[in-house]
Enquirer: 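A single structure is presented below for examination.
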Amino acid sequence: MKKTGVILLIGVGWMIAAFTHETPLPGSTAALGRKLFFDPILSRTYTISCASCHQPAHAFADTSAVSTGIFNRKGKRNTPSAMNTRLQVSFFWDGRASTLEEQALIPIANPDEMGLPVDEAVARLQKNKYYRTAFKQLFHENPSRENLAKALAGFERTLETNDTPFDDWRLHENEAAVSAAAKRGFALFNGKAECIKCHFGPDFNNVEFRSIGLFDGKQLNDSGRAAITHRATDLGKFKIGSLRNIAQTAPYMHNGMFKTLAEVIDYYNDPDKVVPHSINRDTLLQKPLSLTNREKQDLEAFLRTLSGKEM
Amino acid sequence: MKKMLIGSVLALAAGLYAFTEAPHTLQGRWENVTSTKDGTYRFLAVFRADDTYDGFMNGKAFLTGKYHFQNDTLTLSDHICQEGYTGTYFVQFVTPDSLVFRLINDTCSIRREGTDGVTFKRLPVKP
């Protein structure tokens with residue numbers, strides 16, 4: 001009897017503490033978005049947040065080939081970094097979303113990811129005192145699909161990386177910022193290895209969908225962009241991966257099939273060796289690159305200069 | 001003595017010429033700022049003395065190439081557009097510190113879109 005009394009009292013004490021200890025309200029849409037990004041309230045089981053798969057320590061990507069959602073469900077694709085999205089014009093490996101706002105609600109409802117219908121997610125936020133107050137303060141209205149998407153996208157737009165050794169080298173003419181190997185690698189990237197023909201722009205990913213040959217209709221059967229456009233010419237085409245923070249986001253490609261950057265470079269060097277019967281591979285990758293071991297290392301050294309200081 | 005005199009007259013003349021006829025220089029840092037509802041986009045172009053140039057978007061380096069600038073005509077070549085595909089632009093200086101690029105001819109459409117008609121302001125040299 002006495003014991004339950006004590007437990008009850010502790011319980012009451014905890015409740016008082018929990019309700020009087022106010023978490024400070026976010027001061028901006030991005031700060032609210034950050035809180036939501038890390039909050040499992042948006043998943044059916046209250047166990048998975050955006051950050052379960054988009055982990056800050058891995059440049060907001062994860063370390064498994066394909067992602068794991070609620071009930072340990074395996075997704076079909078590799079988790080891309082949610083950083084450096086501000087200058088991009090399409091999202092997902094197949095580009096099926098064209099704004100960050102449109103993108104943000106899709107994983108919430110995806111049964112393999114967070115598995116919670118968006119209207120239910122919004123209802124949860126409306127019932128939650130903290131979120132109700134925060135949304136009222138920032139958007140002057142209750143949580144809704146639109147402002148939930150705006151908050152998440154607002155946070156993602158803050159995740160830009162422009163302080164890499166590569167940027168330091170080019171912008172400040174700081175020759176010591178990158179190694180001689182990385183400089184040689186940059187020349188290869190622009191020249192013999194032809195990476196720049198696809199990987200260009202501020203995030204090294206252009207705006208196109210291309211096929212590097214990871215589709216053979218058998219073991220490799222994700223048709224990519226073709227599932228969206230229903231065009232045979234788009235078979236095996238995927239969004240060109242951004243290369244900022246690339247050293248932190250292994251494994252690589254839409255299916256996470258390469259564990260290291262060295263494996264990626266070996267693939268580009270001679271695609272037929274890895275995927276012999278690929279369908280619709282880009283003509284740029286028709287011939288082996290014939291890179292020497294030293295050239296492969298230089299290329300990798302260059303790719304490693306594309307990570308931000310916080311990484 | 002005579003030599004010195006001639007030398008200083010020449011220097012003076014050169015100084016006067018530079019003062020009155022100062023040819024515009026492209027060397028330096030030029031910025032275009034565009035604001036949209038999604039925020040501000042800062043495109044920085046750096047033209048160096050060694051005829052190389054770099055482009056940066058919001059501080060992200062993404063473009064390196066070679067340029068040649070003479071008599072207000074600019075020729076560009078970079079790795080994104082095929083090598084050998086050069087673009088030629090007329091550089092219209094609005095003031096010595098602001099300019100507009102006007103297309104003369106460029107077979108590379110991405111570069112054309114990002115250059116033709118775009119206005120830049122010179123950034124002060126860093127202390």
Side-chain angles (χ1 to χ4, degrees), chain A residues 29-30 83-89 99-101 150 153-154 156-174 177-178 183 186-208 242-245 284 302 305-306 308-309, chain B residues 27-67 76-87 107-115 118 120 122-127:
Chain A
T29 312
M83 295 183 77
N84 296 297
T85 51
R86 196 181 151 199
L87 300 171
Q88 300 198 28
V89 297
T99 63
L100 275 176
E101 282 78 1
K150 271 189 195 156
E156 288 170 311
R157 288 200 179 90
T158 65
L159 304 175
E160 291 289 297
T161 305
N162 65 2
D163 60 352
T164 71
F166 173 69
D167 300 311
D168 187 13
W169 173 37
R170 303 313 302 168
L171 184 61
H172 304 117
E173 281 143 49
N174 177 4
V178 308
K183 287 176 193 172
F186 182 48
L188 288 162
F189 186 89
N190 291 327
K192 181 175 174 186
E194 298 198 302
C195 314
I196 195 144
K197 293 279 150 65
C198 295
H199 292 277
F200 65 82
D203 301 308
F204 299 90
N205 70 340
N206 190 355
V207 293
E208 291 177 321
S242 159
L243 299 182
R244 287 195 174 261
N245 300 316
L284 268 173
F302 164 65
T305 67
L306 303 178
K309 278 209 187 88
Chain B
Q27 217 187 85
R29 295 174 171 244
W30 298 86
E31 193 180 50
N32 167 279
V33 182
T34 307
S35 289
T36 71
K37 67 171 174 43
D38 290 337
T40 304
Y41 297 88
R42 292 176 180 277
F43 177 39
L44 172 71
V46 177
F47 291 95
R48 302 198 184 86
D50 64 0
D51 283 5
T52 63
Y53 73 99
D54 272 56
F56 303 85
M57 175 54 85
N58 292 351
K60 295 174 171 183
F62 77 99
L63 180 65
T64 53
K66 293 204 174 83
Y67 77 100
L76 298 172
S77 83
D78 62 63
H79 297 288
I80 298 175
C81 301
Q82 291 279 346
E83 242 142 298
Y85 279 58
T86 53
T107 39
C108 180
S109 60
I110 321 168
R111 186 171 51 211
R112 207 162 54 223
E113 281 158 24
T115 313
V118 181
F120 284 85
R122 189 191 290 279
L123 291 185
V125 183
K126 277 178 300 177

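Throughout, a chain's letter reflects where its sequence line sits, starting with A, and its residues are numbered from 1.
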Enquirer: Chain A heavy atoms under 4.5 Å from B/D78: which part of the residue, side chain, backbone, both or neither?
Expert: neither
Enquirer: Please list, chain by chain and in numerical order, all residues satisfying salt bridge (Lys or Arg N to Asp or Glu O under 4.0 Å) with B/R112, sequence neighbours excluded.
Expert: none
Enquirer: Does one side chain, of A/N162 or A/D167, offer a donor that lies under 3.5 Å from an acceptor on the other?
Expert: no
Enquirer: Given heavy-atom pairs under 4.5 angstrom as the criterion, report whether the side chain, backbone, both or neither of A/R244 touches chain B.
Expert: side chain
Enquirer: For A/T164, is it the side chain, the backbone, both, or neither that has a heavy atom closer than 4.5 Å to a heavy atom of chain B?
Expert: neither
Enquirer: Taking the six-membered ring of B/F62 as reference, does the cationic atom of A/R170 (NZ for Lys, CZ for Arg) lie under 6.0 Å from its centre and within 45° of its axis?
Expert: no
Enquirer: Below 4.5 Å from any heavy atom of chain B, which atoms of A/N84 appear? Answer side chain, backbone, both or neither.
Expert: both
Enquirer: Show every donor-acceptor pair shorter than 3.5 Å between a side-chain atom in residues 192-203 of chain A and any protein atom, with sequence neighbours excluded, or say none if there are none.
Expert:
residue, atom, partner, partner atom, Å
A/K192, NZ, A/S290, O, 3.0
A/K192, NZ, A/E295, OE1, 2.8
A/K192, NZ, A/E295, OE2, 3.4
A/H199, ND1, A/F204, O, 2.9
A/H199, ND1, A/G241, O, 3.2
A/D203, OD1, B/K60, NZ, 2.6

